[in-house]
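Notes follow once the structure below has been shown.
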Amino acid sequence: MAKVSLAKGIYWVGAIDWELRDFHGYHTPRGTTYNSYLIVDEKIALVDTVKAPFFEEMLERIKEIVDPGKIDYIIANHVEIDHSGSLPMMVKEAGRAKVVSTQKGKEGLERYYAADWPSLVVKTGDKIELGKNSLEFIEAPMLHWPDSMFTYVGEEELLLPNDGFGQHLATTGRFDDEAEEAMEEAARYYANILMPFSSLITRMLKKIGEMNLKIKMIAPSHGVIWRSDPSRIIEAYTKWAAGETGEKILVIYDTMWESTAIMARAILKGIMDEGGEAKLLHIRHSEWSDIIKEVLDARIVLVGSPTLHNGLFPPVAGFLTYLKGLKSKGKIGAAFGSYGWSGGAVQKVNEELKAAGMEVIEPGLSFRFRPDKGELDRGHEFGRELAGRVKTR
Ligand code: FEO
């Protein structure tokens, strides 16, 4: 196996999961990687481990470089089991190593593994000297778990931020300049995993700036390592965290007997006739994580639902629950949908979009059975108005 070196004495020793298509409900069409990094100096540190089934793959890579029994520190930047799953086995292999984490990390590891390992709790600013290199720790609570932290190797200007700046992307290349999909997957990752924590991300980026950390390379624990120009991904995070959007309008819908679909297409036509940028997304025919990636930089989010039993069509209800939890910023929402005997869905979509943090244009477009010509004209006009609103803001 060819060694992957980031800098002198610093290696990628992770694992590639080519077949993963579902990461706790998040669609991962391009698989993922679990990245571990080995720093060989007078003392030896392993930063993060891999998901348990990939332990042997990681161990084999480590053994090509050092005897695992000589590892002094295992840094657990994050408790989630895609990074800590191999920790119990690795602790056994490493014999004398201390497990380094935040206090919350220690508590989490104890809960998951009933662990009583030699450990070291660190906080922001603490350092471990390895020899020529040192490890500095930066607590990153709720980015994206309470235990999360970043590790920084100042001598190499290398940031190891665990899930931060990551992508679910399995590739033969380990670096961003070897994977053209890196930014697209970073956006999908941000939208589905980190979007609810955008305000904290803005604060963290500011803190990193205030700490004057020089960053030549960012090596996350999923996907490729940002080495060609790390400012590219930092700028993208700054924009996403601020809720900056383009002019894109999304028409997201589901339908029982095509009535809501017919209206979705009328609205879309109105947007297009006004020269607007839009996407039509069917909730059951799309992966929700793909829709959420589109939401990330959309300005207006329309959601259409038929009424079923006085409420939302269940697939729309499920999608809105997911959307609501992600707390997107700076978006306008609107609802539309059909009903048979009495309404209900449009009002409920409005409520959910408001709970998702959107400014909602009320009351939305509601119509009985099939939309008639007048209602379709109104839908088309609504599309035109929205496209105009986005352009003139
Ligand atoms: Fe990659 Fe939060 O785990």
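Values below: every heavy atom of this structure, side chains too, minus hydrogens, waters and symmetry copies. In listed order, ligands and their atoms are each counted from 1.
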Assess the side chains of [X] and [Y]: does a donor N or O sit below 3.5 Å from an acceptor N or O?
| X | Y | answer |
| --- | --- | --- |
| H222 | D82 | yes |
| D48 | S221 | yes |
| N192 | S289 | no |
| D163 | Y189 | yes |

> For L353, which of M358, K324, E362 qualifies under side-chain contact (heavy atoms from CB on, under 4.5 Å)?
Replying inline: M358
>> Quick check for you: within a radius under 2.8 Å, how many protein N, O or S atoms neighbour atom 2 (Fe) of ligand 1?
In response: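 Total protein N/O/S atoms under 2.8 Å from atom 2 (Fe) of ligand 1: 4.
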>> Could you go through Y190 and Y237, starting from their C-alpha distance and side-chain angles, then the distance that decides it, and tell me whether this counts as ring-ring contact (aromatic ring centres under 6.0 Å, His included)?
In response: CA-CA 8 Å; Y190 186 96; Y237 262 54; 5.0 Å; yes
